[in-house]
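Have a look at the structure below, then the notes.
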Amino acid sequence: MFLDARLARGLTTIVDSTNLRALVRAGLLARAAHWQRPTVAVLFDVPLATVEAQNAGRDRVVRADVVREFHGLLPTADQLHDEGWPTVHLASPLTRPAR
């Protein structure tokens with residue numbers, strides 16, 4: 001597995017995936033723990049209205065009910081901490097324009 005190969009070499013590894021299911025996130029934490037690598041979660045805490053507006057502008061629009069369902073599955077920072085993620089960064093402060 002590509003992930004294990006990178007972790008085994010001690011390389012910084014970014015897993016870019018929605019990971020809406022706690023079980024999938026637990027698997028990522030387990031892989032990192034196996035290789036004794038630190039973990040950080042980045043939570044893209046985008047308001048539903050923003051997601052819907054961005055979706056409307058896509059070439060291939062996702063059905064509105066699917067967008068709402070997936071958005072509802074997003075964990076909170078507290079949930080991620082409770083799952084074992086020691087560090088959780090919210091993307092909203094990272095993506096706000098500088099003043």
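Minimum heavy-atom separation, H81 to W85: ND1-O, 3.1 Å. Of all heavy-atom pairs between G10 and R37, the closest is O-NH2, 3.2 Å. The nearest pair of heavy atoms linking A91 to D45 is N-OD1, 3.5 Å. A pairwise comparison of heavy atoms in E52 and V67 identifies CG-CG1, 4.3 Å as the closest pair. Here the closest non-hydrogen pair linking V46 and H71 is O-NE2, 2.7 Å.
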Exercise. Might you work through the side chain to side chain contact (heavy atoms under 4.5 Å, CB included) test for L80 and E83, ending with a clear yes or no?
Key: CA-CA 5 Å; L80 291 173; E83 290 176 11; 3.8 Å; yes
Quiz item: Between L7 and R9, does a side chain to side chain contact (heavy atoms under 4.5 Å, CB included) hold up when you go through it step by step?
Solution: CA-CA 5 Å; L7 293 173; R9 293 174 50 206; over 6 Å; no
Quiz item: Between L3 and T13, is a side chain to side chain contact (heavy atoms under 4.5 Å, CB included) present by the stated rule, with each step listed?
Solution: CA-CA 7 Å; L3 176 60; T13 304; 3.6 Å; yes
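There is no path of hydrophobic side-chain contacts, each under 4.5 Å, that joins L29 to V40. Hydrophobic clustering of Ile, Leu, Val, Met, Phe, Trp and Tyr side chains at less than 4.5 Å, counting indirect connections, keeps W35 apart from F2. Put simply, V24 and L73 are part of two different groups of oily side chains (I, L, V, M, F, W, Y) that touch within less than 4.5 Å, one to the next. Linking ILVMFWY side-chain heavy atoms closer than 4.5 Å, directly or via other members, places L20 and V66 in a single hydrophobic cluster.
Atoms CG and OG1, from D78 and T76 in turn, are 5.0 Å apart once rounded to the nearest 0.5 Å. For the atom pair L28 CG and T39 OG1, the distance stands at 9.5 Å (nearest 0.5 Å). Rounding to the nearest 0.5 Å gives a distance of 11.5 Å between CZ of R60 and CG of N55.
Formation of a donor-acceptor pair under 3.5 Å by the R25 side chain with backbone atoms of N19 is found in this model.
The neighbour count for L11 CG, taken as heavy atoms of other residues, nucleotides or ligands under 6.0 Å away, is above 12.
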